[in-house]
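Okay, so here's the structure we're looking at.
Lettering of chains follows the sequences in order, A, B, ..., and the numbering in each one begins at 1.
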Amino acid sequence: MSNALLEDLTWRGSIAQSTDRVELEKYLADPGASLYLGCDPTAPSLHIGNLVALTLLRRFQLAGYRPIALVGGATGLVGDPSGRSAERSLNEAELVASWVDRIREQLEGFLDFSGKNGAIMANNLDWTAPVSAIEFLRDIGKHFSVNQMLAKDSVASRLESGGISYTEFSYQVMQAFDFLELYRRHSCALQIGGNDQWGNIVAGVDLIRRAEGKSAHALTIPLLAKADGTKFGKTAEGAIWLDPAMTSAYAFFQFFLNSDDRDVEQLLKTFSFRSREEIEALIDSLNANPGAREAHRALAREVTTLIHGADQASKVEAAAKALFGQADIGDLDLETLSSALAELPKVIVKRGEQIPSWVDLVTNSGVVESKSAARRVIKEGGAYLNNEKIRGEDFTPKTSDLLHGQFLLLRKGKRDLIAVEITD
RNA sequence: GGUGGGUUGCCCGAGUGGCCAAUGGGAGCGGACUGUAAAUCCGCCGGCUAUGCCUUCAGUGGUUCAAAUCCACUACCCACCA
């Protein structure tokens, strides 16, 4: 073992598969070596599933290598069959283009574009769009064997279940073309990604060998699996997004804070940039005193800081502490209270207007999807106003319930807090 | 192209004329325990201007006092044959 980074990644459990390890180490022996990670615009924002591989890319940059972040402006128009049991529906080109812009911004915040190993941003639409179908078929397609393409897991499983369109079938060729193009443009001979990308990445390795007679490398990171067997990063409400407009920094922090104890070690190893010693100390603390949740807190704080910045991270942590730690919410001073409530889903009521019922307030906040659901919560004893249980399906807060004359804190169940603000 | 089977609530899956907003499981939600964790146990689980009303069993039209259930056509999926 000669490469410190690979050694660290092995300890972290961040290596699922790689092409020949010795060859890979040789490639990485060059301090300026570059590598790329692609993200397809399938939504207006990246989510924490993408963050797994993105974190890996960042580790490479911190170790001195040059990262290339590729946004799949072209591949996003086609659709990756990997991990999908059914055909994707195609998104409008303008929509995908707008997602490309937003995702590019997110990627930019995650890497360092200055210095000698400054990151490079790429969009595969740049080299894919100008190529004619005939050129594509003759220059690229000729290197692919349909037999091998059919053997890929992503394709084979789809042939079992309902079939696959020619469009999605071609996806691996497009991704391989990207790898070849980045090899030609930037001498990039390593592609990383989630383990579900293995087949697509190897398609590129093969293409580079055939078209250029050169060897390229692949490295994948395991897809995170949760202890309870469900997919990491998905909640009932959907994915945890990196865009604060889609998942608030508060909700983002809470997501990590509420991690299953059994998952925390792997999450720390996957996402944390702390040293091995620090992480091991946190894990010791987790095992010794899980109720204190020091490791959960450190994880939540670090990842939230990375995505939302240190200011936001400390704000949402302070908010959670104030709102959950305090027995009597009325004891909080105005400043602490208002900054804590600022992080929560909020309902605005105009001063002087009738305060809506608890049911209406909670429904308006979007925390429950119907009034029936809100009424049910009251009936089942999970409804609170200012941390006091309320009863009666038609319960309506009174002016005298207002904290500092302008706020209400509603709660549904153990964790869901909602702020109500009276404004002029 | 032929024949047969299928399409049910977030998912899986019962139901084959009224007792069906529709059995059961999973997910989800609330409660108890605890630590804003897990496991376990209990309850809930279409919507609403709510002792009633509205929308739902692929789509459309029909039979009937009455349909998820019967008939016709359309779309999609699966299986066997070619």
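Across all strands shown, B:C76 pairs with B:G6; the Watson-Crick or G-U wobble distances both stay below 3.5 Å. Pairing of B:A27, defined by two Watson-Crick or G-U wobble distances under 3.5 Å, is not identified with any nucleotide. If you check B:U40 for Watson-Crick or wobble pairing at under 3.5 angstrom, you find it paired to B:A32. Within the shown strands, B:C48 is the pairing partner of B:G52 under the Watson-Crick or G-U definition, both distances less than 3.5 Å.
Spacing of C1' atoms, B:A22 relative to B:A75, comes out at 25 Å, to the nearest Å. Spacing between B:G43 and B:G26 at atom P, rounded to whole Å, works out to 13 Å. The C1' atoms of B:A21 and B:C54 are separated by 11 Å, rounded to the nearest whole Å. The same atom, P, is picked in B:U69 and in B:G31; the two are 40 Å apart, to the nearest Å. When the P atom is used for both B:G24 and B:C45, the distance is 12 Å, rounded to whole Å. Separation of the P atoms belonging to B:A39 and B:G30 is 15 Å when rounded to the nearest angstrom. With both ends at atom P, the span from B:C33 to B:U16 equals 44 Å, rounded to whole Å. Atom C1' of B:G13 sits at a distance of 13 Å from the matching atom of B:G6, rounded to the whole Å.
Across B:G30, B:A37, B:G47, the shortest atom-to-atom separation from the side chain of A:Arg415 is found for B:A37. Among the nucleotides B:G30, B:A37, B:C48, the one closest to any side-chain atom of A:Asn258 is B:A37. The A:Tyr384 side chain lies nearest to B:G31 when the options are B:C48, B:U36, B:G31. Among B:U36, B:C29, B:A38, the nucleotide with an atom closest to any side-chain atom of A:Arg262 is B:A38. The nucleotide whose nearest atom lies closest to any side-chain atom of A:Asp260 is, among B:A50, B:C29, B:A37, B:A37. Side-chain proximity of A:Ser372 to the nucleotides B:C48, B:U34, B:C44 is greatest for B:C48. For A:Ser370, counting side-chain heavy atoms from C-beta on, the closest listed nucleotide (B:G35, B:C48, B:U34) is B:C48. With B:U49, B:U36, B:G35 as the candidates, the nucleotide lying closest to the side chain of A:Pro290 is B:G35.
At the phosphate of B:G47, OP1 or OP2 sits under 4.0 Å from a side-chain N or O atom of A:Arg376. Using a 4.0 Å cut-off, some side-chain N or O of A:Lys414 falls inside it from OP1 or OP2 of B:A37.
Judged by distance alone, the side chain of A:Asp333 and the main-chain N or O of A:Thr336 form a donor-acceptor pair under 3.5 Å. No donor-acceptor pair under 3.5 Å is formed between the side chain of A:Gln312 and the backbone N or O of A:Gly309.
Across all their heavy atoms, A:Arg12 and A:Lys269 have their closest contact at NH1-O, 3.0 Å. Shown here for A:Trp241 and A:Thr247, the closest heavy-atom pair between the two residues is N-OG1, 2.9 Å.
Within the 4.0 angstrom heavy-atom criterion, base atoms lie near A:Gly291. Among the heavy atoms of the strands lying under 4.0 Å from A:Lys412 are primed sugar atoms or P, OP1, OP2 only; no base atom is included.
Whole-Å rounding puts the A:Gln254 CD to B:G35 C1' distance at 13 Å. For the pair A:Asp360 CG and B:G47 P, the interatomic distance rounds to 15 Å; values are reported in whole Å. If you take CD1 of A:Ile378 and C1' of B:C44, they are 14 Å apart, rounded to a whole angstrom. With rounding to whole Å, A:Lys379 atom NZ is found 14 Å from B:G43 atom P. Rounded to an integer number of Å, the gap from A:Phe252 CZ to B:U36 C1' is 18 Å. We find that NZ of A:Lys371 is positioned 19 Å from P of B:C45, with the value rounded to whole Å. Atom P of nucleotide B:A50 and atom CZ of A:Arg375 are separated by 8 Å, given to the nearest angstrom. Regarding A:Asp263, its CG atom lies at a distance of 10 Å from the C1' atom of B:A37, rounded to whole Å.
Side-chain contact check for A:Asp40 and A:Thr75: at least one donor-acceptor pair (N or O, by modelled atom type) lies under 3.5 Å.
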Between A:Lys226 and A:Asp260, does the salt bridge (Lys or Arg N to Asp or Glu O under 4.0 Å) criterion hold? Intermediate values first, please. CA-CA 8 Å; A:Lys226 290 204 298 180; A:Asp260 189 320; over 6 Å; no
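The aromatic rings of A:Phe256 and A:Phe232 sit tilted relative to each other, their planes meeting at an angle between 30° and 60°.
Map A:Asp261 and A:Asp416 each onto its nearest nucleotide of RNA chain B; the residue landing nearer the 5' end is A:Asp416.
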